[in-house]
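Numbers here are sequence positions counted from 1.
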Amino acid sequence: MVGTMSAAAVAVWLGSVVSILSRSHADRNVYPSAGVLFVHVLEREYFKGEFPPYPKAGDANSDPITFNTNLKGYPDRPGWLRYIQRTQHSDGVLYGSPTAENAGRPSVIEITAYNRRTFETARHNLVINIMGTEEFPLPYQAEFYIKNMNVEEMLASEVLGDFLGAVKNIWQPDRLNAINITSALDRGGRVPLPINNLKEGVYVMVGADVAFSSCLREVESPHNQQRCSQEMEPSISCDKKFRAQFDIDWCKISLVDINRVFPVYITRPEPGNGILPEFGLYDPPSETLMSRNYFSDFLITLAVPSAVAVVLLFILGYTMCCRREGFIQLVHHNSIQKSSKELRSMSKNREISWPLSTLPVFNPVSGEVVPPLHPDNYETTSMPLMQTQTNLQNQITIPQQRPSGDNYVMSTFRRLEVNGIPEERKVAEALNL
């Protein structure tokens, strides 16, 4: 189908494809001053005109748009420039404090907007021309920690203006400006729990041209320092000027007079041209290099452990067989082993006597003998506990006289043995009846 299209149609089609994939804007120039806070808002409304309209009328604001920023020719931004966008439906913000070292060199920041619904992109360049002046940075700098603010909230011009106005009321300087804003997370703070509308916290550094006021100096008093060491809130007279909108942690305030800070100059070597010095031609090893013989290493690896094992075995044999203590231990062990075997053989051959409750009984009135429940050849391994059996080895039968005549009946008694000698005491008592 493309082959049948004219050259003009192909050009129009290719142009429309390129315009859908990526659209570029003209470069935009900004001129921040070194030592002064720089804030640039990436407005979503600015890029919505580059994307096709939303299918539903009135829902154009629902397009999720994210931004990617980097220094042209590099994968990231300059070290002093930071970027934040809380959600896909909020504006992005570039902010930071440029230094005097970056003055005079324009920094081209590539800003790419991504439409997460249509996957289209729009791009434009932001040229930052840093201006170095002798007025900045201001000599007296104070850093405040505000606990009830996030960094994107503090970067809003209205909120930042209210804070600078409160600081100006207690400081009374001729010139006052914001130097830098840093999120507490960048200082090692923890992410707050999503309860009670907790905030991350933000550090705000401001500078002035006059010395610190007495109110700011109150935090340096011994009483307030002691309260801060005990994790208690210090008593600051001018805190009420901030309390309505800003919750300041006065224990974390930092007061710096850069006039008393002596600069430290570090001598650095001159950068080279990026080319390694000449080390001559590469000389590879010769092809006639002799191969290494590992047989001696193998013998040493086996001989040393084997020799140590033989020496230890010899010492153990000498101690157990040739020494008196070792010989006694062997004899003692042998006697214990023989005694164990003898006890096992005796336990196998011992005879278990029958319980008295299992012997045959007779009626003392009639003299009738109760026959056994099982014969002599009954298997005794499965025999229950309560049973009777006749003709046992340790039983004898004796006559018993009937109460009505001179005839005798036979009664069975158990014969007792003490140390292998029969006990005939009950038999003799029975015969004397």
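- Counting only distance, with no hydrogens or angles, the side chain of N68 and the backbone of T112 share no donor-acceptor pair below 3.5 Å.
- The heavy-atom pair separating W250 from C238 by the smallest distance is CH2-SG, 4.2 Å.
- For T69, the side chain to side chain contact (heavy atoms under 4.5 Å, CB included) partners at least two apart in sequence or on another chain are L42, R77, Y83, L94, I109, I111.
- Without hydrogens or angle criteria, N169 side chain to G165 main chain gives a donor-acceptor distance under 3.5 Å.
- Using a 4.0 Å cut-off between charged nitrogen and carboxylate oxygen, E233 and R243 count as a salt-bridge pair.
- For F38, the ring-ring contact (aromatic ring centres under 6.0 Å, His included) test picks out no residue, with sequence neighbours left out.
- E43 places no side-chain N or O within 3.5 Å of a backbone atom of D91 that could act as its donor or acceptor partner.
- Ion pair R117/D63 flagged as a salt bridge, since at least one NZ, NE, NH1 or NH2 atom sits closer than 4.0 Å to an Asp/Glu carboxylate oxygen.
- Y95 pairs by the ring-ring contact (aromatic ring centres under 6.0 Å, His included) definition with nothing, not counting sequence neighbours.
- At a cut-off of 3.5 Å, with distance as the only test, no side-chain donor of D186 or S183 sits close to an acceptor on the other residue.
- The six-membered or imidazole ring of F246 lies away from that of F144, with a centre-to-centre distance of 6.0 Å or more.
- Aromatic ring pairs are classed by plane angle as parallel below 30°, tilted from 30° to 60° and perpendicular above 60°; the pair F298 and F295 is tilted.
- For the residue pair N125 and E110, the shortest heavy atom distance occurs at OD1-CG, 3.5 Å.
- Side chain of N148 to main chain of Q245: a donor-acceptor pair is present (N/O by atom type, distance under 3.5 Å, no hydrogens or angles).
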